[in-house]
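Worksheet: one structure, shown below.
Order of the sequence lines fixes the chain letters, A, B, ..., with proteins taken first and strands second; residue numbering starts at 1 for each chain.
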Protein chains: 2
Amino acid sequence: MISLSHINCFTCPVRHCSFLSHSSPEQLEVIDKTKQCHRYSKGQRIISRNERSGSVMVIYEGIAKIHLEAHRGRSFILQLIKPGDIAGHLCDHHNRHGADVTAVEEVTVCELNLADLEKSHPSFEAFQKAFIDMYRQEIMALQERTIRLVQMNVREKVADALVRIADVYEAENGNGTMRISLNRQEISEMTGTTKEQVSRALGELRDLGIIEASGKSLRIIQPVELTTQAGMEAAAQGQPRS
Amino acid sequence: MISLSHINCFTCPVRHCSFLSHSSPEQLEVIDKTKQCHRYSKGQRIISRNERSGSVMVIYEGIAKIHLEAHRGRSFILQLIKPGDIAGHLCDHHNRHGADVTAVEEVTVCELNLADLEKSHPSFEAFQKAFIDMYRQEIMALQERTIRLVQMNVREKVADALVRIADVYEAENGNGTMRISLNRQEISEMTGTTKEQVSRALGELRDLGIIEASGKSLRIIQPVELTTQAGMEAAAQGQPRS
DNA sequence: CGGGTTATTGAGGGGCGTCAACAACCGTGG
DNA sequence: CCACGGTTGTTGACGCCCCTCAATAACCCG
């Protein structure tokens with residue numbers, strides 16, 4: 001981990017999609033002065049479970065995974081986070097972090113002290129409200145996810161994982177091809193299966209013409225078909241069902 | 001659903017284990033005056049998903065389940081709640097409930113208006129804080145649960161479900177026998193399996209001498225062994241690992 | 001006692017985890 | 001440039017777990 005000199009909050013491209021999107025210039029000033037910036041290389045741990053801390057991390061650049069170790073040594077990836085996302089906001093009443101966070105590729109983060117973050121909000125109430133809203137969304141998403149993980153078969157779960165992967169990785173060119181930094185093992189840890197099954201499921205989706213996948217290169221050819229495979233009704237349609 | 005006349009908050013036996021445990025007599029007075037009490041019979045829906053509401057339900061008596069319908073018609077039980085527990089606090093930004101809640105046996109609830117609930121706290125901050133704490137605990141518990149559901153086999157998941165069932169049902173006599181109001185189908189919906197598998201898993205646990213189970217009657221003979229089966233290290237021991 | 005629901009048990013088959021072999025990829029060094 | 005070893009990805013074979021269907025038994029309530 002390297003501590004970086006400074007990243008300017010005011011010119012920050014991810015400010016508008018982050019937790020701070022509604023802050024005024026004066027409020028942002030507080031954050032800009034007090035935050036610390038760090039860089040982690042691939043595989044480095046950003047946050048460790050049960051570690052005590054009074055700060056949160058906002059991803060500035062790169063992709064990270066929020067994961068947990070289960071008793072049998074099997075790891076499980078709860079979430080992928082991208083620039084603008086926040087990590088480490090979930091902790092117990094002793095301020096101990098509730099999950100591990102690890103860089104999946106080179107990651108730059110801004111460490112925001114909770115006390116300073118509070119000052120960046122118009123009031124303490126607004127600060128709390130922001131957390132409540134975030135937690136609410138998180139619970140509802142996690143509930144849905146839990147049920148999906150339990151009820152879907154492997155191919156559906158892998159299709160689901162691909163949707164989430166495509167959500168955090170940018171396409172590199174007009175082709176829509178992504179260079180993902182996750183290996184098969186990690187995809188399996190997103191779905192609760194094994195690397196071999198992921199390999200097979202990717203092969204099936206490739207044979208169906210839904211994706212192109214070889215190694216770390218991934219292209220989603222039929223996004224709608226992929227979400228169908230993942231068992232989600234195509235919500236983008238919005239058809240009334242009269 | 002029957003609307004009941006009134007239940008006295010001050011003499012309420014579940015007040016001390018509920019969301020309101022820290023309220024002063026004056027604050028409780030607000031709740032006592034404004035709340036509404038209802039009774040639901042077994043199987044009746046208490047809260048429906050996507051229904052708009054500005055109130056929460058506190059269980060006064062009986063057991064209810066928080067559940068969701070997945071796309072394929074399969075239902076999944078997220079949580080069992082008992083007297084003192086709160087339901088309906090999870091909603092989206094339009095105040096639409098995020099899950100279904102149904103009575104598993106005859107249930108009496110107190111419906112608390114959110115605006116009134118707020119007044120029962122020393123400050124709005126304290127009110128928000130209570131929600132933040134509740135949400136935090138919920139997320140951490142749900143994370144653990146998700147991973148367990150993905151990684152455990154059926155017998156382990158059933159053992160896990162029994163631990164949770166025992167947590168909400170009271171033993172009826174000194175024998176430690178419980179009369180549960182859940183059928184095998186519902187236990188399977190707590191574990192993400194089928195009623196037949198639950199039946200078999202219960203048979204295995206019975207053969208191992210860990211439980212007694214026939215129909216709706218359940219007795220846990222070896223609680224420690226049951227938690228071991230469920231893959232939890234016996235946390236009750238608290239042995240230092242020097 | 002009879003009819004409906006619920007629980008149990010068996011048989012069959014498919015999905016998926018596991019192991020193993022092989023191929024592909026990548027950086028290093030000759 | 002090729003050789004190489006290590007990591008990662010792919011594919012096949014095997015076996016177990018568990019879902020499904022079906023038959024029987026137990027239970028509950030009138």
Side-chain angles (χ1 to χ4, degrees), chain A residues 41-43 70 72-76 104-105 147-162 165 178-207 211-219 229 231, chain B residues 41-43 70 72-76 104-106 147-162 165 177-207 211-219 229 231:
Chain A
S41 52
K42 175 169 179 161
R72 295 178 188 167
R74 291 177 63 185
S75 182
F76 188 82
V104 156
E105 57 187 37
I147 297 178
R148 299 173 65 73
L149 280 168
V150 169
Q151 297 190 343
M152 297 193 298
N153 63 31
V154 167
R155 194 172 80 203
E156 293 168 326
K157 286 194 281 191
V158 170
D160 182 82
L162 291 184
I165 288 171
M178 296 174 286
R179 193 88 200 156
I180 65 171
S181 44
L182 296 163
N183 60 27
R184 300 295 187 259
Q185 176 66 35
E186 287 173 307
I187 298 178
S188 81
E189 287 168 6
M190 293 177 67
T191 59
T193 181
T194 61
K195 55 188 187 312
E196 294 93 335
Q197 295 301 326
V198 169
S199 208
R200 279 183 252 266
L202 289 176
E204 288 175 30
L205 293 170
R206 192 190 315 118
D207 293 345
I211 62 167
E212 269 174 21
S214 74
K216 296 286 170 62
S217 158
L218 174 67
R219 185 162 83 96
Q229 284 286 329
Chain B
S41 52
K42 175 172 179 159
R72 295 180 187 164
R74 292 176 62 184
S75 183
F76 187 82
V104 157
E105 56 187 36
E106 184 166 271
I147 297 178
R148 300 173 64 73
L149 279 168
V150 168
Q151 298 190 342
M152 294 193 300
N153 64 31
V154 167
R155 195 173 80 202
E156 294 168 325
K157 286 195 281 190
V158 170
D160 182 82
L162 291 184
I165 288 171
T177 305
M178 296 174 287
R179 194 88 200 155
I180 65 171
S181 43
L182 296 163
N183 61 26
R184 300 294 187 260
Q185 176 66 35
E186 287 173 306
I187 298 178
S188 80
E189 288 168 5
M190 293 177 67
T191 58
T193 180
T194 61
K195 55 190 188 309
E196 294 94 335
Q197 294 303 324
V198 169
S199 211
R200 278 183 253 267
L202 289 176
E204 288 175 28
L205 293 170
R206 193 191 313 116
D207 293 345
I211 63 167
E212 269 173 21
S214 74
K216 297 285 171 62
S217 158
L218 174 67
R219 184 161 84 94
Q229 284 286 327

task: Would you mind classifying the nucleic acid contact of B:K157 as base, sugar-phosphate or nothing, using non-hydrogen atoms under 4.0 angstrom?
output: nothing
message: Would you say that A:L149 contacts B:L149 through its side chain, given a criterion of any heavy-atom pair below 4.5 Å between the two side chains?
response: no
- request: Could you work out which one of C:dC16, C:dA7, C:dA20 sits closest to the side chain of B:K216?
  value: C:dA7
message: By nearest atom, which of the nucleotides C:dT8, C:dC16, C:dA20 is closest to the B:R206 side chain?
response: C:dT8
Can you tell me how far [atom2] of [N] sits from [atom1] of [X], to the nearest Å?
| X | N | atom1 | atom2 | value |
| --- | --- | --- | --- | --- |
| B:Q197 | D:dT20 | CD | C1' | 10 Å |
| A:K42 | D:dT7 | NZ | P | 14 Å |
| B:L202 | C:dT9 | CG | P | 10 Å |
| B:R200 | D:dT24 | CZ | C1' | 14 Å |
| A:K195 | C:dC19 | NZ | C1' | 10 Å |
| B:R184 | D:dC27 | CZ | C1' | 12 Å |
| A:R179 | C:dC26 | CZ | C1' | 11 Å |
| B:I187 | C:dT6 | CD1 | C1' | 12 Å |

- prompt: Of A:E204, A:R155, A:E156, which is the lone residue that meets side-chain hydrogen bond (donor to acceptor under 3.5 Å, both in side chains) with A:Q229?
  reply: A:R155
message: Apply side chain to side chain contact (heavy atoms under 4.5 Å, CB included) to residues A:I211 and A:L202 and explain how you reach the verdict.
response: CA-CA 8 Å; A:I211 62 167; A:L202 289 176; 3.9 Å; yes
message: Please confirm whether the shortest side-chain N or O distance from A:T194 to OP1 or OP2 of C:dG17 is below 4.0 Å.
response: yes
Any A:T193 side-chain nitrogen or oxygen under 4.0 Å from OP1 or OP2 of C:dG17: yes
message: Distance check, rounded to the nearest 0.5 Å: A:S181 atom OG versus A:E186 atom CD?
response: 7.5 Å
